[in-house]
Structure formats: structure tokens, C-alpha cells
Amino acid sequence: MGDIVYTLHQVVKTRSKGGASFTLRVPELVLRQGEFCSVVGPSGCGKSTLLDMLALVLAPTSAECFQLSLPDPHGPMAYDLPRLGEGEAARIRRSNIGYVLQNGGLLSFLTVRENILLTAQLSQRRLAAGELEELVRVLGLADQLEKKPQYLSGGQRQRVAVARALIHRPGIILADEPTAAVDYPTALDIRDELLGLARRMGAAVIMVTHDRTLVDGVSDVQVNFTVRRVSAQEVEATASVHCGGGRT
């Protein structure tokens, strides 16, 4: 596998609402380029909290180390995430992170082509000749480019969302329950496409799912959660990291 992308050590995030609190603890997590990481567990265990921190939209409450390393012409650049300003965090998200939403998040008034190219336009990345065509060919969308999202199947919409997340060639791909709204065979296809693209692009792919059968045996890294109720108003979850069967 490639260089380290994320390094987390003793990261804690507490969220409070209406007198109730939820605390997520991440003792240790290291992710590298080209790795496929699955984040697995039921609703309320901390999956979204972890993904939001990795996406730089949620700051930890405390952390001994929460570092992101990104490629640079002069060597990897390390960023201390809790100290990032919002402007710098937004720049990193725009240029280096691709996000696949659970419902696809496609814009209904744009064609498939326009939806996919939107991310490249926002990140101001110029595409090489044939780059879009190659990506949609790999994802089986070559004949769907001029359609609007409402004329696609659920699986096709998710593939468009994957293409949109990848078109600017980010080093990090975050997929939030990307298979929740499709049938199981399609879910397997989308998982395999994300896995293959991680290898081909050398990106770190983090996929959140509640379905362990989708990712057991294929993840390089799997994050699971142990949840306990501390009191009537306080829940605590601890993330544990396991090396999966996907390492090569």
C-alpha cells in the first residue's frame, strides 16, 4: 500500500443535544493510499460522526493526534486537522476529497454529464482528453451521459454519484452508505467498483455501511464500534480497527 493519509490517535468527539450526549472514542486509526476501509455498525454507533471528522466538517473535541497527509510536489504535506481554519479545510475538501452521499445527491436539472463534471469545475481541475469517457466506461454509464437523473435506475444514480466523486481524482473518497438504496447484487457491484477504483487511483476509500456481509473479507481495514450506555442521558462508543482480508 501507499503512503499514510490519515493518522488518528486518542481522538474524542462529544455531541450533545437536549440534555443527552454521545461520545465517540477512536483510540487508533491509520489509513493509507490505495486502501479500502469499511466503517461498519448499526444506526447511532458513531459511523457518521467518524465520517464527518474525516471529511473535515466536524472538529474533534480532543485529540492526541489527528493528521492528514496529502501529496505535494515537494513531498507529503501534513496537516493538523484540529488546527485547520475553515478556509483551509474547505480548500482541502474541494481539491482532495470525493464524497458519495447515501441518496446520490444528484441535481435533477442537470444531465448525468453535467452532474459528473460539476466537481471538476468546483475544484478547477482540467480533465485530460478522454478522462471522462474512460471513467464512465468503467462504471457502465457511457450511454447515459445525456439523461437526467430521474430517468436512471437506483444503481445507475449511485454510479453517477461515484463518478462525480472521482472525476477530480481526489486522494480520499468517502462513501456514506452508498449501497443503502439499491438491491444486494447492485450493492456488491458498487462495492467492487469502489474497491477497484481505490486500487487503480491509489486513493484511500472509506465506505460506511450497516451491512457487514458486504465488506467482510474484502476490506483492508475495518472499523467496528462497541457501544455502552454510561447513564440514562449518556452513550459512549469506542471504535476498534481490524485488518481485513483485502490486503495484498
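Given the structure is predicted, the values throughout are model-derived calculations rather than measurements. Index from 1, following the sequence.
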[Y] side chain reached by [X] side chain, heavy atoms, under 4.5 Å:
X      : Y      : answer
Lys47  : Glu177 : yes
Lys13  : Asp52  : no
Thr209 : Met207 : yes
Ile92  : Leu84  : yes
Ser69  : Thr7   : no
Ile172 : Leu68  : yes
Val136 : Arg113 : no
Asp216 : Gln222 : yes

Considering all heavy atoms of both residues, which atom of [X] and which atom of [Y] are nearest to each other, and what is their separation?
X      : Y      : value
Ile167 : Ala120 : CG2-N, 3.8 Å
Val26  : Leu8   : CG1-CD2, 4.2 Å
Leu118 : Leu107 : CD2-CD1, 3.8 Å
Ala78  : Gln67  : CB-CD, 3.7 Å
Phe22  : Gly44  : CE1-O, 3.4 Å
Phe66  : Pro60  : CD1-CG, 3.7 Å

When rounded to the nearest 0.5 angstrom, what is the spacing between [atom1] in [X] and [atom2] in [Y]?
X      : Y      : atom1 : atom2 : answer
Cys37  : Leu174 : SG    : CG    : 10.0 Å
Tyr151 : Thr111 : OH    : OG1   : 13.0 Å
Glu134 : Arg200 : CD    : CZ    : 7.5 Å
Leu58  : Leu50  : CG    : CG    : 10.0 Å
Gln233 : Ser21  : CD    : OG    : 8.0 Å
Cys65  : Tyr6   : SG    : OH    : 13.5 Å

task = Show the numbers, then the answer: is there a side-chain contact (heavy atoms from CB on, under 4.5 Å) between Asn224 and Arg212?
result = CA-CA 10 Å; Asn224 300 306; Arg212 189 177 304 278; 2.8 Å; yes

[X] side-chain N/O to [Y] backbone N/O, donor-acceptor pair under 3.5 Å:
X      : Y      : result
Arg157 : Leu152 : yes
Glu88  : Gly85  : no
Asn115 : Leu110 : yes
Arg191 : Val218 : no
Asp176 : Leu101 : no
Glu64  : His9   : no

request  = Check the pair Tyr99, Thr119 against side-chain contact (heavy atoms from CB on, under 4.5 Å), reporting the backbone distance first and the verdict last.
outcome  = CA-CA 10 Å; Tyr99 211 109; Thr119 309; over 6 Å; no

Pairing of Arg93 and Glu86 as salt bridge, 4.0 angstrom limit =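 Looking at Glu86 together with Arg93, the answer is yes, because their closest N to O distance falls below 4.0 Å.
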
query = What's in the same ILVMFWY side-chain cluster as Val12, cut-off under 4.5 Å, chained through other members?
reply = none

side-chain contact (heavy atoms from CB on, under 4.5 Å) between Val160 and Ile116, worked out = CA-CA 7 Å; Val160 175; Ile116 294 172; 3.9 Å; yes

query = Under a single-linkage definition using a 4.5 Å side-chain heavy-atom cutoff for Ile, Leu, Val, Met, Phe, Trp and Tyr, are Val100 and Leu122 assigned to the same hydrophobic cluster?
reply =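 Looking at the clustering, Leu122 is in a separate group from Val100.
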
inquiry  = Using side-chain contact (heavy atoms from CB on, under 4.5 Å), reason through Gln144 and Arg159 one step at a time and then give a plain yes or no.
reply    = CA-CA 11 Å; Gln144 308 295 321; Arg159 289 185 176 92; over 6 Å; no

